[in-house]
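See below for the structure under consideration.
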Amino acid sequence: MRAWRVHELGEPSQVLSLDEVARPTPGEGQLLVRVRAAALNFPDILMAQGLYQERPPLPYTPGVELCGEVVGTGQRVLGGPSGGSGAFAEYALMDADGAWPVPDGMPDEKAAALYLTYQTGHVGLHRRARLQPGEWLLVHAGAGGVGSAAIQLGKAAGARVIATAGGARKVEVCRQLGADHVVDYTAEDFVPVVKEITGGHGADVVYDPVGGDVFDRSRRCIAFEGRLVVVGFTSGRIPDAPANHALVKNYSVVGLHWGLYRTKEPALIGTVHAELTRLVESGQVDPMLGEVLPLDQAPQALARLADRGTVGKIVLVP
């Protein structure tokens with residue numbers, strides 16, 4: 001089969017190689033799936049650069065999210081690959097207890113995008129931030145894969161959603177996703193806008209996959225008893241959180257490492273998938289696809305994702 005592999009660490013566009021490799025053999029508790037679609041995520045870039053918390057041995061096949069067809073049964077499933085054989089390939093392995101049924105009628109490309117960012121968003125907003133109906137939710141980078149999922153999940157939870165995005169095109173995308181208010185951070189500072197929109201109350205929950213200056217500024221418009229959810233650092237800078245500021249303003253900085261739940265509380269993943277399936281069937285969740293590309297364009301697709309010029313999710317189809 002064909003599979004993209006990383007033989008040395010570096011920029012994905014430079015270190016990815018499309019190789020002919022043996023089809024993986026499932027072990028006990030594993031399934032062999034034919035990959036029908038694989039979604040791109042920022043960790044794919046960080047992993048290739050050697051900057052992610054998980055560092056697979058070289059060479060490895062990247063790709064952490066897929067929709068596949070179980071070889072032998074034809075059942076469509078979604079989830080993450082296992083056994084070191086990633087999703088950017090024609091076949092992959094999945095753990096049988098981590099292969100979730102695709103909601104009825106959902107296209108392969110959208111199913112591939114339902115796993116990582118929506119699981120992360122649901123756990124982040126409900127389990128970690130305890131988002132309540134009527135609260136103000138501030139979602140940064142709302143037009144991206146992580147942010148677009150958070151906007152939809154926030155609206156489904158009954159929150160009032162403010163999104164930030166860069167440029168007119170991305171602002172319009174956030175509106176289409178259902179955000180009540182959108183701030184173009186290339187044209188204005190989101191801090192006074194959030195304060196004005198909320199009548200001085202501030203954001204009850206901030207969902208921040210960007211870090212850096214965005215995190216620092218978010219601390220200036222967070223509400224009393226607000227929760228600032230740390231999702232990632234796509235800006236490239238890991239910010240500091242002054243403990244005295246959290247004390248004086250009485251807010252919480254909440255870490256979100258969704259992957260830990262797979263080992264610490266695996267039952268939660270199934271519970272969240274059932275809820276996501278319900279939201280898909282009710283029309284409240286619909287993954288937004290920015291581009292659907294053939295598998296052989298993985299390096300170019302990852303380069304576009306790294307440049308942060310994309311909207312929604314990019315999906316590869318073998």
Side-chain angles (χ1 to χ4, degrees), residues 1-52 54-96 98-100 102 106-117 145 287 289-307 310 312-318:
M1 70 170 188
R2 295 184 308 156
W4 284 103
R5 294 205 295 174
V6 174
H7 292 268
E8 60 179 342
L9 299 179
E11 292 301 319
S13 60
Q14 300 173 8
V15 299
L16 276 171
S17 172
L18 187 56
D19 299 340
E20 283 287 339
V21 299
R23 188 183 298 183
T25 302
E28 185 176 352
Q30 290 183 320
L31 302 172
L32 175 66
V33 300
R34 182 173 68 85
V35 178
R36 297 176 67 118
L40 274 63
N41 292 275
F42 206 75
D44 296 320
I45 298 169
L46 297 177
M47 207 173 292
Q49 295 170 334
L51 301 177
Y52 197 59
E54 298 175 16
R55 299 189 179 188
L58 299 172
Y60 75 91
T61 297
V64 295
E65 183 176 38
L66 65 89
C67 169
E69 178 184 308
V70 179
V71 174
T73 71
Q75 181 188 12
R76 290 195 307 148
V77 294
L78 64 86
S82 67
S85 180
F88 298 169
E90 293 175 323
Y91 290 86
L93 299 177
M94 299 179 71
D95 290 329
W100 307 103
V102 174
M106 191 174 207
D108 297 334
E109 297 82 0
K110 291 193 174 187
L114 184 64
Y115 182 57
L116 195 61
T117 52
L289 304 183
E291 293 182 86
V292 177
L293 301 169
L295 178 65
D296 59 13
Q297 292 188 27
Q300 299 93 315
L302 285 168
R304 287 205 285 278
L305 181 62
D307 290 340
T310 59
K313 293 295 284 275
I314 302 178
V315 175
L316 300 174
V317 178

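Bear in mind the structure is a predicted one, so any value in this text is a computation, not a measurement.
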Q) Is the shortest heavy-atom distance from the side chain of Pro24 to the side chain of Leu32 under 4.5 Å? A) yes
Q) For the residue pair Leu316 and Ala301, what are the closest heavy atoms and their distance? A) CD2-CB, 4.3 Å
Q) Atom CD in Glu291, atom NZ in Lys313: separation rounded to 0.5 Å? A) 13.5 Å
Q) Where the side chain of Thr61 meets the backbone of Arg5, is there a donor-acceptor pair that is under 3.5 Å apart? A) no
Q: For His7 and Ser17, work out which heavy atoms get closest and say how close.
A: CD2-CB, 3.9 Å
**Q.** Closest contact, heavy atoms only, Cys67 versus Asp108
**A.** CB-O, 3.5 Å
Q: Start with the C-alpha distance between Leu295 and Trp4, add both sets of side-chain angles, then the distance that settles side chain to side chain contact (heavy atoms under 4.5 Å, CB included), and finish with yes or no.
A: CA-CA 9 Å; Leu295 178 65; Trp4 284 103; 3.8 Å; yes
Q. Roughly how far, to the nearest 0.5 Å, is CG of Asn41 from CE of Met47?
A. 9.5 Å
**Q.** Heavy-atom check, side chain of Leu66 versus side chain of Pro81, under 4.5 Å
**A.** yes
**Q.** Closest non-hydrogen atom pair, Glu65 against Ala112
**A.** CG-O, 2.8 Å
(Q) If I compare all heavy atoms of Pro62 with all of Leu16, which pair ends up nearest, and what's the gap? (A) CG-CD2, 3.7 Å
Q | Polar side-chain atom of Tyr91 near backbone of Thr25 as donor-acceptor pair, under 3.5 Å | A | no
Q: Can you measure from CZ (Arg2) to CG (Leu18) and round to the nearest 0.5 angstrom?
A: 5.5 Å
(Q) A side-chain contact here means heavy atoms from C-beta on lying under 4.5 Å apart; do Ser82 and Leu93 qualify? (A) yes
Q) Which distance, rounded to the nearest 0.5 Å, do you find between the CG of Asp296 and the CZ of Phe88? A) 13.0 Å
Q: Identify the heavy atoms of Gly86 and Ala92 that sit nearest to each other, and give their distance.
A: O-CB, 3.7 Å
Q) Distance only, no hydrogens: is a donor on one side chain within 3.5 Å (strictly under) of an acceptor on the other, for Gln75 and Glu69? A) no
Q: Kindly indicate whether the side chain of Pro287, heavy atoms from C-beta on, has any atom under 4.5 Å from the side chain of Glu109.
A: no
Q: State the CD-CG distance between Gln30 and Asp95, to the nearest 0.5 angstrom.
A: 5.5 Å
**Q.** Approximate separation, where rounding is to 0.5 Å, of Leu9 CG and Leu46 CG
**A.** 12.0 Å
(Q) For a 4.5 angstrom cut-off between non-hydrogen side-chain atoms, does Glu54 reach Pro43? (A) no
Q. Passes side chain to side chain contact (heavy atoms under 4.5 Å, CB included), Arg304 versus Leu293? Steps please.
A. CA-CA 12 Å; Arg304 287 205 285 278; Leu293 301 169; 3.1 Å; yes
Q.
Does atom CD (Glu8) have a neighbourhood of more than 12 heavy atoms from anything else shown, all under 6.0 Å?
A. no
